[in-house]
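Below, chains carry the letters A, B, ... as their sequence lines are ordered, and counting in each starts from 1.
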Amino acid sequence: VTTRSWLDERLGLNALAYEIPARANRLDFMLGALTLVSLTLLAVTGIVLTQFYDPSPIGAHGSVQFIITSQPVASILRDVHVWSASAALVLVFAHLLAVFLRRGFRSPREMLWWSGVVLLALLFGLAFTGTALRGDQEAAEAIAHAVAGAKLAGSVGALLRPDFTPSVSLQSRLYAMHVSVLPLALLGLLALHLWLVRQLGVSAGGPSRALFVTHLRRLAGVALVLVAMVAAIAVAAPAGLSAPGVEGYEVTKPFWPFLWIYAAENLFGMGGMMLAPGLLFGFLALAPIVDRHNGRAARVVRICGVALFVLMLAAILYAALAPGQSHLGMDMGGK
Amino acid sequence: MMTMTTAFAALAACVIAASPAMPHEKGVLKPATRTLMPGDSLAIGGEKFTKKDEVILVLLGVNGRVELGTVPTDSVGKFRRSFLVPATLKSGAYRLIAEAIDGDEVATIDVVVQAMHAMASAGAMPGMTHDMSQMALQPTGERLPLVPARPPAVLISLAILIVACAAGGTLLLRQPHVQTPEK
């Protein structure tokens, strides 16, 4: 009895030898799974970081500084954590674009698409709450923006208001969201997303078939290369930390995935904070409803989707290069 | 049988030798406040400690260890004294620890040291250095010049891991065998 057959018998690994379209072995069909690999890296490194991080407003900055300067393994894991977050966001957008371009949202995959859209929103939530935990100037301004946004959103934004409860600081509540509420929601939705992929199959046509185990092997190869790349970048470019945050000032720009929202705030004021995400997520939610059959509506959806994506990239570039602006009417520290 | 008895006797001797001869009483610390201000004095009370002994009071946090001083306990194991919180103490979460003379931790309580900028905005504080007040009052997004902890052993281990992942990944991708369903 070989080890493989012994394991097959006990773990039911034969169930993985189901058929999938051979095209699914291409890289553009692996982007979702690679996002999952990045999320796994985030979870593992995040669990270690929780053992060293102090979520209280007064202890946060000192504990991050302690991690960077005094804890070699935690310091590298923090860098991997930060770069994995960037990798996850790049990969999820690439996955979104690839699925959009092959119209993977059409019937019967609407629920699969919508679960993906909510997962994207959760990823943004995780990226935002992660940024806000460092206790530095960028974090202070991120929290100030969230509070302003929460006030704009009315009762919907109640959780992000500091006066939600006097017993716990907003930063500590953001930490709770980052390590429990959002990951649990992500896990639940991810389970639904993967189950739907298994039930509905990937939207890859073609008569040629392959076995899923082949796909898994190739996926493992790409995943290992991704892990190596993230680790190498983490060593070459350690994530920084600025001085402790001073409230009432706007002197920084946000983490790059939020620069398109920053650009909208530059152009439309605080309303841009609601407008830009509303436009993106509204479009993504409506795409499967509008684009049902080939025809004019389908062409319009496709053009609008590509235009939105290009606009987002342009907005990120513009916000990165444009001089800083005050969006909350705060002091800009002499700028 | 004799050998086993000897071994047990030796083991018991080791255990007895390793355990402290006189365990210290575990006390209770009662600072006047749990939010400390650098440069201020802090009254700390304590009770249920070993009678007629001495305890060392220490602040321990991510920014380091600061010894506040040594205080004797009275005939019922109590003490009360004011200590100066060092003006240069960085803000953050700390543990106020009472240690026996032999270093045994006999009591602890969590405290926080107030942020310098919070005080700076309220006015200059005694003992505040120029650099601290500048850092506190001038917000900046510039990266702090922190040197990440990177001992060679960790870097070498990481390099091996990176090379192993890259090589393993490449090998898996180069494997030409593609399993197709049986007809």
Please flag which part of [X] lies under 4.5 Å from any non-hydrogen atom of chain B: side chain, backbone, both or neither.
{"X": "A:A139", "result": "neither"}
{"X": "A:A234", "result": "backbone"}
{"X": "A:D54", "result": "side chain"}
{"X": "A:I67", "result": "neither"}
{"X": "A:E141", "result": "neither"}

Quick one: closest heavy-atom pair of [X] and [Y], and the distance?
{"X": "B:I162", "Y": "A:A231", "result": "CG1-CB, 3.6 Å"}
{"X": "A:A243", "Y": "B:T140", "result": "CB-CG2, 4.0 Å"}
{"X": "A:I58", "Y": "B:V113", "result": "CD1-O, 3.0 Å"}
{"X": "B:R150", "Y": "A:P72", "result": "NH1-O, 4.4 Å"}
{"X": "A:V246", "Y": "B:P139", "result": "CB-CB, 4.0 Å"}
{"X": "A:A228", "Y": "B:A166", "result": "CB-N, 3.8 Å"}

Which one, [options], leads in non-hydrogen pairs under 4.5 Å with chain B?
{"options": "A:K253, A:M229, A:Q137, A:H215", "result": "A:Q137"}
{"options": "A:G62, A:G59, A:G240", "result": "A:G240"}
{"options": "A:V73, A:V227, A:L226, A:D79", "result": "A:D79"}

Take atom CD of B:E142 as the centre, draw a 6.0 Å sphere, and report whether it contains more than 12 heavy atoms from other residues, nucleotides or ligands. no
Is it the case that over 12 heavy atoms from other parts of the model lie below 6.0 angstrom from the NZ atom of B:K30?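 Count not over threshold, so no.
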Please rank B:P145, B:A93, B:P148 by heavy-atom pairs under 4.5 Å with chain A and give me the top one.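 Sorted descending by pairs with chain A, the first entry is B:P148.
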Just give me the residue among B:V163, B:L146, B:V154 that pairs up with chain A most often, heavy atom to heavy atom, under 4.5 Å. B:L146
What part of B:L155 lies closer than 4.5 angstrom to a heavy atom of chain A: side chain, backbone, both or neither? side chain
Can you name the residues of residues 30-43 of chain A that have some heavy atom under 4.5 Å away from a heavy atom in chain B? none
Interatomic distance, B:R143 atom CZ to A:E138 atom CD [nearest 0.5 angstrom]: 11.0 Å
Output the distance between atom CG (A:L219) and atom CG (B:L172), rounded to the nearest 0.5 Å.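 Result: 10.0 Å between the selected atoms.
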Checking B:L144 against A:H61 for the side-chain contact (heavy atoms from CB on, under 4.5 Å) test, could you report, in this order, the C-alpha distance in whole Å, the side-chain angles of both residues, the deciding distance, and whether it holds? CA-CA 11 Å; B:L144 290 174; A:H61 190 273; 3.7 Å; yes
Which pairs with one or both residues in residues 88-109 of chain B pass ring-ring contact (aromatic ring centres under 6.0 Å, His included), sequence neighbours excluded? none
List the steps and the verdict of side-chain contact (heavy atoms from CB on, under 4.5 Å) for B:V147 and A:T69. CA-CA 6 Å; B:V147 181; A:T69 57; 5.8 Å; no
